[in-house]
Amino acid sequence: MKAIAVSPGYAHGKVFILQDEVNWNNISLQTNDVPGEVSKFNLAIQKSAAEIKELILQFKGSNQKDQADIFEAHALMIEDPEVLEQTIGLVQTQAMSAAWAYKKTSDGYAQMLAALDDEYLKERAADVRDIAGRVLKHLLGKAQENLKELPLGSILVARDITPSQISLLDAKQVGVSVMGIITEMGGKTSHTAIIARALEIPSVAGVQGILEQVENGTEILFDGVTGQIKIQPTLEDIKDFNFKKNQFEAQKKDLLSFRRLKSETHDKRTVRLAANIGGVSDVFSLISNDAEAVGLYRTEFVFLDRNRVPSQEEQFQIYREVFEKLGERHCIIRTLDIGGDKQLEGLSMDQELNPFLGLRGVRLCLREQNIFKDQLKAILRAAVGHSVGIMVPMISNIEEILETKKIIKECQSELRACGQKFSEGFKFGVMIEVPSAAMIVDFISRHVDFISIGTNDLTQYICAVDRLNDKVEKLYNPYNPGFLRTMNSILSAARKNNLHVGICGSLAHEEFLVPLFIGMGVDELSMTSQHILQTRKLVRSLNYQDCQKLVEEVLQLETSAEIKAKIQAGKSKEKA
Ligand code: PEP
Ligand code: MG
């Protein structure tokens, strides 16, 4: 079976099924004591709210901010006057039992949220169910299940596990009585997933039908990295699983020792290792993998996740939360990069013959200036008190840079005019991912504070190979000498002009290319957080001068096969 991998790790154990909260066959529908039911309901809400407050205090006391935040949200939701009034209304007008009335109301609310297109709001349905479960237990006098006393080696299997349930587990149980979690529902951004990652419990979600295939005690294993599940595994499966698990743990252990070490070569050349993020949910992993900054915050996901253009205020809240969670770390936030393969209904062009060569990134923003301005204002406001770089994608000439800067100035005057606070101390930069920009880095350096190379696009535009077209995939080749020469020319122009230069495409963590990029003089490598520690290990094994020599040699080679062979030969000599 295949699942969504939500918390990495390997789990092998015996199924422990977490039952759905309440058996509804035994609940009476009607009541003869309306006032009695109303006060029972009010009491259940009070007790539940008190429990939630207690959880918030516990989490705050142990510095577990993410968990505390989740229950802060529950504390607000449980007092939602609409839900309370509707429930009491059903009891009073239809003599419905409080349990039924509350279930009916909260189910309706959860279903309404689950039907929304917005991924984030959709997953809030689980919070509503969680709160309802807590209140119903008080109404029905049912005890919370004792997750503290699970049998050793349990893998929890459930339709869904609520944040309240998972919060009953503690770190000491992980790897002893709780090996992992499998749920039929949920996804990567659910609160349960956030807590599972925080507790480092391997976890997979979205496994439709698992409850029909297992019972308490069934042997099961899963791979929380790929999402592969085996029910009643064979000896061969177990051998394969143990091999992968040992490898994963050895690597993790080894890499952990690289946290808080400097990212520098033997001869003291420092490279900033930064993370690429798409939203606040990526910040936890960034911190646990010790990323030094954010080198690319892809803000288009704020739009794509909602499938609409969010308001300035909404964006302000989102960006501010990210900046706050990052603490002192610098954050390069990229303005909207819609177009190409990232289409947003109502904003992207209907049909373009070559969308990657079309109205994309800054081109679209300069056309849709209201949207651009709202985003820029939201960023400028959220950046107050934080170290922020604003970066513009798909720049292909100086005019686009000047026009963007003019628009930023307008945004500042407009914010000033309406008395809004905004940042004046931000840095301004552009992505170098279009060949015509790559050729004029010296000119560009006069207008910006930093650049970052988008190798995903630069490779496709230099080699004229659509990055999504599998028929020409072989030609999408970063060892292409033309591509490597372009990289070298960008990096040396940046060095000559004292311009901070990063790489934020997915080549930034490629084992064989990192030595070349360091030799070419890159200042920052930005990648998904999971790659930070292995890249730090690699950087610390290198010598800057040797990397420079390697660049000189590689740039003399005519074919990508020769280049690859040269780099790999150097690597195996080093290993030997
Ligand atoms: C790139 O092009 O390398 C890049 C980082 O941007 P994206 O992948 O979002 O186009
Ligand atoms: Mg790009």
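Position 1 is the first residue of the sequence; numbering continues from there. Both counts, for ligands and for their atoms, begin at 1 and track the order of listing. Being a predicted model, the structure only gives us computed values, none of them experimental. Keep in mind that the numbers below use all heavy atoms, side chains included, and drop hydrogens, waters and symmetry copies.
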Practice prompt. Indicate, as side chain, backbone, both or neither, the part of Q460 found under 4.0 angstrom from ligand 1 when only non-hydrogen atoms are considered.
Written response: neither
Discussion item. What I want to find out is whether R269 reaches E264 closely enough, with some N-O distance under 4.0 Å, to be called a salt bridge.
Written reply: no
Discussion item. Please determine whether a side-chain nitrogen of the Lys or Arg among K325 and D282 lies less than 4.0 Å from a carboxylate oxygen of the Asp or Glu.
Written reply: no
Worksheet entry | Residue D337, metal the Mg ion (ligand 2), N/O/S under 2.8 Å | no
Item to complete: Specify side chain, backbone, both or neither for I453, according to which of its non-hydrogen atoms lie closer than 4.0 Å to ligand 1.
Response: neither
Discussion item. With carbon and hydrogen excluded and only N/O/S kept, which atom of E433 is nearest the Mg ion (ligand 2)?
Written reply: OE1
Item to complete: Under 4.0 Å from a heavy atom of R360: give me the atoms of ligand 1 that qualify, with their elements.
Response: 10 (O)
Discussion item. I'd like to know if R363 pairs up with D337 as an ion pair, taking the criterion as any Lys NZ or Arg NE/NH1/NH2 lying under 4.0 Å from an Asp or Glu carboxylate oxygen.
Written reply: no
Worksheet, complete the sentence: Counting from 1 in the order shown, the ligand 1 atoms closer than 4.0 Å to a non-hydrogen atom of M431 are 4 (C), 5 (C)
Worksheet item: Regarding S263 and E292, is there a side-chain donor-to-acceptor distance under 3.5 Å anywhere?
Response: yes
Item to complete: Measure R467 to ligand 1 on non-hydrogen atoms and call it side chain, backbone, both or neither using the 4.0 Å cut-off.
Response: side chain
Worksheet entry | Sub-4.0 Å atoms of ligand 1 with respect to non-hydrogen atoms of G454 | 1 (C), 2 (O), 3 (O)
Worksheet item: Do E249 and K253 sit within salt-bridge range, that is, some charged N less than 4.0 Å from a carboxylate O?
Response: no
Worksheet, complete the sentence: Numbered in order shown, the ligand 1 atoms found under 4.0 Å of a heavy atom of L296 are 5 (C)
Response to the item:
Nearest non-hydrogen protein atom to atom 3 (O) of ligand 1, with distance, is N456 N, 2.7 Å
Worksheet item: Does F258 have R536 sitting over its ring (NZ/CZ under 6.0 Å from centre, angle to axis within 45°)?
Response: no
Worksheet item: Got a salt bridge between D254 and K537, using NZ or NE/NH1/NH2 to carboxylate O under 4.0 Å?
Response: yes
Item to complete: State the atoms of ligand 1, each with its element, that fall below the 4.0 Å cut-off from a heavy-atom position in C504.
Response: 5 (C)
Worksheet entry | Heavy-atom donor-acceptor pair, N488 side chain to L484 backbone, under 3.5 Å | no
Item to complete: Please determine which of E414, Q315, E410, E313 meets the side chain to side chain donor-acceptor pair (under 3.5 Å) test together with K377.
Response: E414
Response to the item:
Honestly, for R334 the part within reach of ligand 1 (heavy atoms, under 4.0 Å) is side chain
Practice prompt. Measure the distance from atom 10 (O) of ligand 1 to every protein heavy atom, then report the residue, atom name and distance (to 0.1 Å) of the closest one.
Written response: D457 OD2, 2.9 Å
Worksheet item: Of all N/O/S atoms in D457, which lies nearest to the Mg ion (ligand 2)?
Response: OD2
Worksheet entry | Test side-chain contact (heavy atoms from CB on, under 4.5 Å) applied to L376 and I407, L336, I371, the passing residue | I407
Worksheet item: Taking distance alone, with no angle check, do R298 and ligand 1 share an N/O pair under 3.5 Å?
Response: yes
